[in-house]
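Report on one structure; see the data block that follows.
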Amino acid sequence: MLNPIEGEIFCVDKPLTWTSFAVVKKVRGTLRTMLGSGNIKVGHAGTLDPLATGVLIICTGRKTKQIDQLQAGVKEYVADIRLGATTPSFDLETEIDATYPWEHITREKIEKVLQSQFVGTIEQVPPKFSACKVGGKPAYKLARKGKEVEIRPKTLVIDEIEVLNCGLPAEPTLQVRVVCSKGTYIRALARDIGTALGSGGHLTGLRRTRVGDAKVENCLSVDALLQYLEGETYVMPDEAEEQRLAKERAENKLRAAAVKAKRKAAEAARKAKQELQKQ
């Protein structure tokens, strides 16, 4: 039995082209229908771009208070990068704006650059096509209006980075696995890797395979999650509120008993000390 008011956590494999908010909206709409109430909180722990797929953690009710904790977990990605060209958004959202030589790049050079420059604590300038705030506004809103956007570098940690596939020397393609901290923009990483190799680079595909303990192989598709929600039974809002109040009363009684016991022990210790002083 599900209790969305008290809180549930679902792990979804976000599909390509969907925004993270679109997944939240679908889940929230289904829960509102099942509960017969519009008073239901639903949120996600860590945005995925529309052109990315993979782990998206959805929280409901009081479990939304755990979002900061959940999205702080270590993340793992598999990223496809094309060398020799850049785009303003650092991915396929925008068209190629410049091309660069790439014939000088070898797999050996890539391995060396990744391990020497992209493992450990690094500085990264987030993309201007991102939700980073500039003057209180999301940078992407300013960038899409053609305005100049200046974003300060951020400190982040990359625990692991490894080459999974390399198309060189035939094609300037690269696939890497990245284990990193919250706040890492893999699009910006693609840009920086291209620059470090004396070329350019942009992201052509991205899949988030892990967030904390949540792994993509254990995630449900959006359709499977909605089907699951439609077939479940629920603790209805009124009953959920009654359960919450009963739980609070029980916890208050336990706290009061603990305080009383502590005071009683302190009083007994005080009297014992007085008796010793009299002797």
Side-chain angles (χ1 to χ4, degrees), residues 46-54 71 74-134 138-140 142-144 148-169 171-211:
T47 302
L48 267 181
D49 291 336
L51 296 181
T53 64
Q71 67 184 10
V74 172
K75 297 174 177 63
E76 180 183 72
Y77 296 89
V78 172
D80 294 309
I81 300 170
R82 188 166 188 87
L83 302 171
T86 57
T87 72
S89 60
F90 311 151
D91 64 6
L92 297 179
E93 182 181 342
T94 53
E95 298 293 327
I96 290 174
D97 60 356
T99 58
Y100 302 83
W102 55 267
E103 292 79 8
H104 63 285
I105 303 173
T106 63
R107 178 165 183 152
E108 290 72 24
K109 183 173 183 177
I110 292 171
E111 298 274 11
K112 183 177 180 180
V113 165
L114 292 183
Q115 298 308 313
S116 63
Q117 298 185 38
F118 295 97
V119 176
T121 301
I122 68 170
E123 294 286 309
Q124 183 187 79
V125 178
K128 60 182 180 181
F129 286 85
S130 70
C132 286
K133 295 294 179 65
V134 177
Y140 71 86
L142 300 173
R144 285 171 181 163
E148 288 297 320
V149 179
E150 183 177 350
I151 303 178
R152 294 180 180 179
K154 293 187 176 183
T155 301
L156 52 91
V157 177
I158 296 181
D159 296 307
E160 299 176 46
I161 185 167
E162 67 168 327
V163 177
L164 298 180
N165 289 295
C166 181
L168 296 167
E171 291 289 334
T173 56
L174 177 65
Q175 185 181 72
V176 296
R177 182 182 70 89
V178 183
V179 179
C180 57
S181 65
K182 173 188 174 183
T184 304
Y185 282 91
I186 307 300
R187 287 182 287 142
L189 191 64
R191 168 204 62 193
D192 295 341
I193 289 172
T195 301
L197 291 168
S199 183
H202 65 280
L203 199 66
T204 58
L206 182 64
R207 185 157 176 76
R208 187 157 67 190
T209 52
R210 179 165 68 93
V211 176

Q: Kindly say whether L156 contributes a backbone atom to a donor-acceptor pair with the side chain of S181 at under 3.5 angstrom?
A: no
**Q.** Within 6.0 Å of CD in E95, more than 12 heavy atoms from elsewhere
**A.** no
Q: Could you tell me whether a side-chain N or O of T94 sits under 3.5 Å from a main-chain N or O of T87, the two making a donor and an acceptor?
A: no
Q: Ignoring hydrogens and angles, tell me if any N or O in the side chain of R191 forms a donor-acceptor pair with the backbone of V125 under 3.5 Å.
A: yes
**Q.** Polar side-chain atom of Q115 near backbone of I161 as donor-acceptor pair, under 3.5 Å
**A.** yes
Q: Indicate the atoms forming the closest heavy-atom contact of V176 with V178, along with that distance.
A: CG2-CG2, 3.9 Å
**Q.** S199 side chain to G84 backbone, donor-acceptor under 3.5 Å
**A.** yes
Q.
Has D91 got a side-chain atom pairing as donor or acceptor with E93's backbone, closer than 3.5 angstrom?
A. yes
Q. Distance-only, no hydrogens or angles: does the R187 side chain make a donor-acceptor pair with backbone N or O of S89 under 3.5 Å?
A. yes
Q) Is the count of non-hydrogen atoms from other residues, nucleotides or ligands lying under 6.0 Å from K182 atom NZ greater than 12? A) yes
Q.
With heavy-atom distances below 4.5 Å as the criterion, would you say the side chains of V113 and F118 are in contact?
A. yes
Q.
Checking side chain to side chain contact (heavy atoms under 4.5 Å, CB included) between E171 and each of L174, L168, T173, which is the one that passes?
A. T173
Q. How far apart are the closest heavy atoms of P169 and W102, and which atoms are they?
A. O-CZ3, 3.5 Å
Q.
Surrounding NZ of K112 (heavy atoms of other residues, nucleotides or ligands, distance under 6.0 Å), is the total greater than 12?
A. no
**Q.** Short side-chain to backbone donor-acceptor contact, Q124 and Y185, under 3.5 Å
**A.** yes
Q) Any side-chain heavy atom of T204 sitting closer than 4.5 Å to one from L92? A) yes
Q: Could you tell me whether a side-chain N or O of H202 sits under 3.5 Å from a main-chain N or O of G194, the two making a donor and an acceptor?
A: no
